[in-house]
Amino acid sequence: MRIKLKNAIEVHLLLIFFLSFYFIVISFKLITHPTPFYDWDESINVQVSKEIIENKSLVPLWQGNPWFDKPPLPFLFFGIIMKLTPFIQPEISLRITALFLSLLALVFIYSVFLKAVKQKLIAFLAVVITAFTPIFLQRSQIVNLDVFLIIGWLGYILFVQNFWLSLFFLTVGVLSKSLLGFYPTGIMLAYYSLLFLKPLRLNSNQEMGKPQRLIKQILIQVGILSFWYVIMLVIFGKDFWQQHIVETHFRRVTASIESHFGQRTYYIDLIREQLGWFFGVSVIGFSLIVWRFLNRQLTTDRLMYSLFLFPWFIFLNLTKTKIFWYIYPAIPQFAFLSVYPLTLLKNKKVILYLVSCILIFYVINNNFIKTNFFTTFYSKPEDYYHLALYARNHCDSLTVLVGKETREAIKTLEDLELTISSTKQWGDHPSMVYYFSKDVAFYYHENLLIKNLLSFPDYRCLAIREDDLDLVTKNKQFVKLKNFNSYYLFKQ
């Protein structure tokens, strides 16, 4: 065992060195400069994780109410981390945990692309480019669910020959991102089904018996995980069906819900922006893979590993809802395609190593010299953050009137029927719920707020923006506690 481990370390020493560097640099930044949880998704993830553990629930909760948008696995995981590390600031412990998960994802990315090209340097370069792509770098520093999805996907195809290991990674994907977690089973079913076609079989090293066994295995695994949906439907019925299946999945594909608009080329433009000139080279890499496959220079096995994540990118471009972090699983695919042309230099190692050094220097220069990595943060202590912390010690509960811009935007979305059940749960800043740590009610209609002001219980506070102050000044029972620039806090 020691010999095998020693050999593995020696063989992949470059990757180990890079991942160690990546972890040390990012963890130093997270520990020395902790910042408040990021709106939107990070603060929601942390609050739901906190509630699911405190209430000993197997269903995600938001302010005590079932939230069917996501399955429970990531929230249980992060909630347990918080429970086991009460002595560490959650802004540090949870983000370090997310960083560890990102490192695991990078190991899996390396392993998959190593199977695709059998060249460690090419797989390593794909990891370096992926790791410092802005969206992946951001997700490595915040509490997110996307990393669970890519770990589940890549872990599944890496261990698909092993029933229980592949089932474990499929469970990670499905119980993190629901139906999206089944993505690798769709790819593998299509792949093994294609192996039945004689022309493709001749270009593969697979045995006919193996596809039959694995197709059966995949269908059994899908059946096992489908029981979660059956159980949720039995317990929660129509609410689960409407919120989890219809709204969270199908409506995001068919409509630009919740202001997530974008052009048809949104994701193409986004991946081009993320990768810069690497994107142009990735088109050459894709063309080279297709050419080699058509000319029988590439087996179906290597084709599958080389383009495993590409169908996801195709699917994204067919959806109506445009959200930048949906591109996250496609980033490694384009990073790999951008370095794939270097396989042409396989027999010219001096040139290959020289080009690789130039690429690595370019990436480091972009992140540490042209852009100061240690001064780039995704959140900072805003006025609403200070208000929530102050209100925690002075109020039993908090009512927040969202800003005029948000109220107008929501009204427009309602008129266009582009809202879902959870649209009005979050307010302008869902992180206020976490930092206040008590009941927060968000109001989206000033008339409804005015109607309810007189019935406010004692010790309930009201947070309001400066441009809405006239709604409160007419009610003499409210006393101003403090203002935080444009945010005002009143108490009954």
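Numbers for residues simply follow the sequence, beginning at 1.
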First locate atom [atom1] of [X], then atom [atom2] of [Y], and finally report the distance between them rounded to the nearest 0.5 Å.
X      : Y      : atom1 : atom2 : answer
Ile26  : Ile31  : CD1   : CD1   : 12.0 Å
Leu233 : Asp239 : CG    : CG    : 11.0 Å
Leu149 : Ser176 : CG    : OG    : 7.5 Å
Leu94  : Asn45  : CG    : CG    : 10.0 Å
Leu103 : Ser27  : CG    : OG    : 9.0 Å
Trp325 : Leu270 : CH2   : CG    : 12.0 Å

| message | I'd like to know whether Phe132 forms a ring-ring contact (aromatic ring centres under 6.0 Å, His included) with Tyr22, so could you lay out the CA-CA distance, the side-chain angles of the two residues, the decisive distance to 0.1 Å, and finally the verdict. | response | CA-CA 9 Å; Phe132 284 106; Tyr22 195 74; 5.5 Å; yes
May I ask you to check whether [Y] and [X] place their ring centres under 6.0 Å from each other?
X      : Y      : result
Phe77  : Phe148 : yes
Phe18  : Tyr110 : no
Phe286 : Phe334 : no
Phe124 : Phe17  : no

Side chain to side chain, [X] and [Y], heavy atoms closer than 4.5 Å:
X      : Y      : result
Ser49  : Ile53  : no
Asn144 : Gln138 : no
Phe278 : Ser282 : no
Phe23  : Leu99  : yes
Tyr435 : Ser43  : no
Ile268 : Phe279 : yes
Arg139 : Ile331 : no
Ser379 : Ile142 : no

Over 12 non-hydrogen atoms of neighbours within 6.0 angstrom of [atom1] in [X]:
X      : atom1 : result
Trp241 : CH2   : no
Phe377 : CZ    : yes
Trp164 : CH2   : no

| request: Return the orientation label for the Tyr384 and His429 ring planes: parallel under 30°, perpendicular over 60°, tilted otherwise. | output: parallel
| query | Do the rings of Phe240 and Phe68 sit parallel, tilted or perpendicular, given the 30° and 60° boundaries? | reply | perpendicular
| request: Begin with the C-alpha distance, continue with both residues' side-chain angles, and end with the deciding distance and a verdict on side-chain contact (heavy atoms from CB on, under 4.5 Å) for Ile157 and Phe169. | output: CA-CA 9 Å; Ile157 66 162; Phe169 284 107; over 6 Å; no
Heavy-atom closest pair, residues [X] and [Y]:
X      : Y      : result
Ile92  : Leu30  : CG1-O, 3.8 Å
Val172 : Leu73  : CA-CD2, 3.6 Å
Leu154 : Phe108 : CB-CB, 3.8 Å
Glu91  : Thr35  : CG-O, 3.3 Å
Pro60  : Val48  : CB-CG1, 3.7 Å
Ser356 : Leu125 : OG-CD1, 3.4 Å

| remark: Sorted by chain and residue number, the side-chain contact (heavy atoms from CB on, under 4.5 Å) partners of Val107 (sequence neighbours excluded) come out as Leu19, Ser111
| request: Go through Val46 and Phe78 one step at a time and tell me if the side-chain contact (heavy atoms from CB on, under 4.5 Å) criterion holds. | output: CA-CA 7 Å; Val46 175; Phe78 287 126; over 6 Å; no
| field | Audit row: Ile420, Thr248, side-chain contact (heavy atoms from CB on, under 4.5 Å) steps and yes/no | value | CA-CA 8 Å; Ile420 58 176; Thr248 300; 5.6 Å; no
If you look only at distance, which donor and acceptor atoms sit under 3.5 Å apart when one is on a side chain in residues 306-313 and the other is two or more places apart or in another chain?
| unit_1 | atom_1 | unit_2 | atom_2 | d |
| --- | --- | --- | --- | --- |
| Ser306 | OG | Arg302 | O | 2.7 |
| Trp312 | NE1 | Tyr326 | O | 3.1 |

| request: Could you walk me through whether Ser338 and Ile129 pass side-chain contact (heavy atoms from CB on, under 4.5 Å), step by step? | output: CA-CA 9 Å; Ser338 70; Ile129 295 171; 3.7 Å; yes
Identify every side-chain donor-acceptor pair in residues 217-230 under 3.5 Å, counting partners at least two apart or on other chains, and give the distances.
| unit_1 | atom_1 | unit_2 | atom_2 | d |
| --- | --- | --- | --- | --- |
| Gln217 | NE2 | Val160 | O | 2.7 |
| Gln221 | OE1 | Tyr156 | OH | 2.6 |
| Gln221 | NE2 | Phe163 | O | 2.9 |
| Gln221 | NE2 | Ser166 | OG | 2.8 |
| Ser226 | OG | Val222 | O | 2.7 |
| Tyr229 | OH | Ser178 | OG | 2.9 |
| Tyr229 | OH | Leu179 | N | 3.3 |

| Is the backbone N or O of Ile323 less than 3.5 Å from a side-chain atom of Tyr267, with the two atoms forming a donor-acceptor pair by type? | yes
| task | Output yes when a side-chain donor or acceptor of Asn365 lies under 3.5 Å from a complementary backbone atom of Phe361, and no otherwise. | result | no
| said: Can you tell whether the side chains of Lys177 and Asp146 come within less than 4.0 Å, N to carboxylate O? | reply: yes
| Of Leu352, Val339, Val355, which is the lone residue that meets side chain to side chain contact (heavy atoms under 4.5 Å, CB included) with Leu121? | Leu352
| field | Under the side chain to side chain donor-acceptor pair (under 3.5 Å) test, residues paired with Lys29 that sit two or more places apart | value | Gln141
| message | Once salt bridge (charged side-chain N to carboxylate O under 4.0 Å, His left out) is applied, do any residues pair with Arg95, and if so which ones, sequence neighbours excluded? | response | Glu42
| said: Just to verify, what does Asp428 make a salt bridge (charged side-chain N to carboxylate O under 4.0 Å, His left out) with, not counting sequence neighbours? | reply: none
| message | Using the rule ring-ring contact (aromatic ring centres under 6.0 Å, His included), only one of Tyr385, Tyr38, Trp62, Phe37 pairs with Tyr434; which is it? | response | Phe37
| message | For a quick check under 3.5 Å, do Ser421 and Gln242 share a side-chain donor-acceptor pair by atom type? | response | no
